[in-house]
Amino acid sequence: MALSRQDVAHIAHLARLKVSDDEIDEYVAKLSSIIELVAQLQAADTQGVTPMAHPLDMAQRLRPDQVTESDQRESFQQNAPDVVDGLYRVPRVIE
Amino acid sequence: MERQTLSEQARALQAGQVSSRELTQASLERIRELDPGLNTFINVCEAEALADADAADAARGRGEAGPLTGVPFAHKDIFCTRGVATTCGSRMLENFVPPYDATVVARLKDAGLVCVGKTNMDEFAMGSSNETSYFGAVKNPWDPARTPGGSSGGSAAAVAAGLVAAATGTDTGGSIRQPAALTGITGIKPTYGRVSRYGMIAFASSLDQAGVLAQTAEDAAQVLQLMAGFDPHDSTSAQAEVPDYAATLNADLKGKRIGVPREFFDAGLDAESEQAVRAALAVFEDLGAHVDEVSLPHVGLSVPTYYIVAPAEASSNLSRFDGVRFGYRHEGAESLEDLYKLTRQEGFGAEVKRRIMTGTYVLSAGYYDAYYLKAQQTRELIAEDFQAAFKDFDLLVGPTTPTPAFRLGEKTDDPVQMYLNDIYTIGVNLAGLPGISVPCGFAQGLPVGLQLMGPAFGEPQVLNFAHQYQQHTDWHRQAPGAS
């Protein structure tokens, strides 16, 4: 199944990716061929098959509700592009 | 210089014939000499490696050495290393310096191994040829015009060329076994949950598993022994005990049952590669194993299933890269939404963006049932095929890849052709099972990989069969550029 330019623009927005006008046709072609590949599954008979939740049928482990992590904000924020007073700075959201 | 195995290096250290500093310096020299042509490393950590080597020599002097203390090796650049840049092959993380060690990194460090550097890889482990790396393609030491495979291509090429005797890798759809096959070395992908994923940058969390690339199964077993085991930091870490892998390497294969999946010998399999695989099956028969054909009727659905599940998980995992807390940021964005969109447009490469888009699409409203839910059903059918086969067989054996190493640039314009290269490796990832690739001959002068697949937590069998094969063949001793 082929995707349209509008489909690609919509997916890109959902994925928060900017796609320029000169990139869009390539995305249409390549994503359409990928979707065509994965659409082969439509022919498989999966009537009554329980979707896999875990490859080894393991249950999620629980742990006691205790504090185990210490405050490492300063060391983590050394990787941040823009920090002020221990806060992450982004473009203004609220006028 | 002759290529040494990890075990040979460990024995020389134990016998006091060589120091860790000498081995580490030799490794660093070989990297300086050969890496400019191969591009296997993103980051060489000379100062840290020499300091670790001296610490290893000192520990040995105090009688505190473990079996692999002081042996140089390399980490795929997907494992977080505290204080050492970890890029995941991406512009997005070009300047990222992790504040913590991955569990795999911490365990091998505690065992005294010396990390000489971080190896090149496909960006975020998304690729089968190492050509999606932001830091350039890795060259195959057997023929620099060809790919070493991917995504652990840097680790594979570094081991094949003898820069290090072993390296870590990760395998989501074949990313350890396929490059091991294409470079003529041994690579094991353990059972899902066997090795901790903590600090291993996530691609597809239900499939990702760390493993080892080395020259021999015996070497891979030694490193895996140190990496494997329960980790409370990983919510899907298996609580099963880790057996002593070395103890069963020499178990007798007499009477063992090998299943050969008919579907792995399809029209896409290169004829010369098939001959090499069939010859390997004859070796197992000579060792007393019974070889029979088996069918995995749904395994043909592996590639389309994988290319729904993996991109879906990737689109979610990679949403964390937004230019706010770490990683690349587009400067000068006027709104928060533009900051996200421009950061991600510029920070990610083409293949990563295609997978994010594919994953976003298959999870989007109105398409979830048709794609993602359907894929989790076919994934269940594929896993059940393997479970049924392991009722009758101890091990499944087939080719690792349809062809030997292809040329760089040959498949970069056609993502679907690239994806089909993983047609034989993806099945065990979807089923969560262990697999190993060992060299079993040559086709067109290039190495061919034999894939051994085991039941869940069947690492002992997989390593046992691989080791016995290597005791009776010498394909794993063939090194590139021997001339």
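Naming convention: chains lettered A, B, ... in sequence-line order (proteins, then strands); numbering from 1 in each chain.
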Interatomic distance, CZ@A/Phe76 vs CZ@B/Arg325, rounded to 0.5 Å, equals 11.5 Å
Relative to chain B, which segment of A/Val83 carries a heavy atom at a distance below 4.5 Å: side chain, backbone, both, or neither? neither
Contact origin within A/Thr68 toward chain B - heavy atom pairs under 4.5 Å: neither
Please examine the side chains of A/Gln78 and B/Phe326, heavy atoms only from C-beta on, and report whether any two atoms are closer than 4.5 Å. no
Heavy-atom pair count under 4.5 Å with chain A, highest-scoring of B/Glu334, B/Lys341, B/Arg329, B/Arg344: B/Lys341
Please look at B/Leu301 and chain A and tell me whether the side chain, the backbone, both or neither of the residue comes under 4.5 angstrom of a heavy atom of that chain. both
Is it the backbone or the side chain of B/Asn429 that comes under 4.5 Å from a heavy atom of chain A, or both, or neither? neither
Distance col, row A/Asp45:CG vs B/Leu381:CG, nearest 0.5 angstrom, shows 8.5 Å
Residues of residues 56-67 of chain A with any heavy atom under 4.5 Å of a heavy atom in chain B: A/Leu56, A/Met58, A/Gln60, A/Arg61
Residue, of B/Glu384, B/Glu346, B/Lys353, B/Gln387, that accumulates the most heavy atom pairs under 4.5 Å with chain A: B/Lys353
Taking every heavy atom of A/Pro91 against every heavy atom of B/Ala333, the minimum-distance pair comes out as CG-O, 3.7 Å
Go through the atoms of A/His10 and report whether side chain, backbone, both or neither lie under 4.5 Å from a heavy atom of chain B. neither
Which bit of A/Val93 comes within less than 4.5 Å of chain B, counting heavy atoms only: side chain, backbone, both or neither? side chain
pair A/Leu14-B/Ser364: side-chain heavy atoms closer than 4.5 Å: yes
Donor-acceptor contact below 3.5 Å, side chain A/Gln42 vs main chain B/Ala370: yes
Between the CD atom in B/Gln345 and the CG atom in A/Leu17, the distance rounded to the nearest 0.5 Å is 8.0 Å
Atom group of A/Gln77 that falls short of 4.5 Å from chain B, counting heavy atoms: neither
Any side-chain heavy atom of A/Met52 within less than 4.5 Å of one from B/Gln377? no
With chain A, which of B/Leu420, B/Asp322, B/Asp413, B/Val309 has the greatest number of heavy-atom pairs at distances under 4.5 Å? B/Asp413
Out of B/Met357, B/Glu337, B/His298, B/Glu331, which one racks up the most heavy-atom pairs below 4.5 Å with chain A? B/Met357
Which atoms of B/Tyr306 are under 4.5 Å from chain A, going by heavy atoms: the side chain, the backbone, both sets, or neither? neither
So which part of B/Tyr328 gets closer than 4.5 Å to some heavy atom of chain A, the side chain, the backbone, both or neither? neither
Which atoms of B/Thr343 are under 4.5 Å from chain A, going by heavy atoms: the side chain, the backbone, both sets, or neither? neither
